[in-house]
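Working notes for the structure below.
Because only heavy atoms are used, hydrogens play no part in the values below, and waters and symmetry mates are left out as well, while side chains stay in. As the structure is a prediction and not an experimental result, all values here were calculated from the model. Residue numbers start at 1 and run along the sequence shown.
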Amino acid sequence: MDKHLDEEKIENQVYKNGDALTDFGDFREYLSGKVNLGKKLGMDEEQLANSAQKVADYLSSKEPPKNSEERLLQELWNVGTEEEQHKLAHMLVRLVQQT
């Protein structure tokens with residue numbers, strides 16, 4: 001994940017790993033792996049949150065939620081302002097860092 005993610009890269013990654021995203025626990029584990037990879041590549045929390053925000057934008061507009069937790073995240077994302085979405089992205093990064 002770099003800070004210049006484009007929609008095609010996101011789409012390829014989502015479809016490549018789509019089966020891993022059916023259960024919320026698996027979703028957290030998957031996201032945790034990506035955050036850990038970003039940290040190993042030297043990304044700070046702001047860069048991780050920016051990447052998470054781009055992925056969430058893509059998922060919100062292109063992918064149906066696969067469970068109730070993802071539906072809640074999608075609905076929160078859709079009603080939030082850009083600033084609130086960015087804060088939620090930070091919260092998701094911190095959430096998976098605790099696992």
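For the residue pair Ala52 and Ala89, the shortest heavy atom distance occurs at CB-CB, 4.1 Å. For the pair Leu95 and Arg28, the tightest heavy-atom approach, listed with the atom from each and the gap, is O-NH2, 3.6 Å. For the pair Gln74 and Pro65, the tightest heavy-atom approach, listed with the atom from each and the gap, is OE1-CG, 3.2 Å. Smallest separation of non-hydrogen atoms from Glu84 and Val79: OE1-O, 4.3 Å. Listed here is the closest heavy atom pair of Phe24 and Leu73: CE1-CD1, 3.9 Å. Minimum interatomic distance between Leu88 and Trp77 (heavy atoms only, all atoms of both residues): CD2-CE3, 3.7 Å.
Between the CG atom in Leu76 and the CE atom in Met91 there is a gap of 8.5 Å [rounded to 0.5 Å]. To the nearest 0.5 Å, atom CD of residue Gln85 and atom CG of residue Leu92 are 11.5 Å apart.
Between Leu48 and Gln97, some side-chain heavy-atom pair lies under the 4.5 Å cut-off. Considering only heavy atoms from C-beta on, Ser32 comes within 4.5 Å of Asn36 through its side chain. Taking the side chain as every heavy atom from C-beta outward, Asn50 and Met43 never approach each other to under 4.5 Å.
Sequence neighbours left out, the pairs with a member in residues 40-51 that pass salt bridge (Lys or Arg N to Asp or Glu O under 4.0 Å) are Glu45-Arg94.
A search for side chain to side chain donor-acceptor pair (under 3.5 Å) contacts involving Glu82 returns nothing, not counting sequence neighbours.
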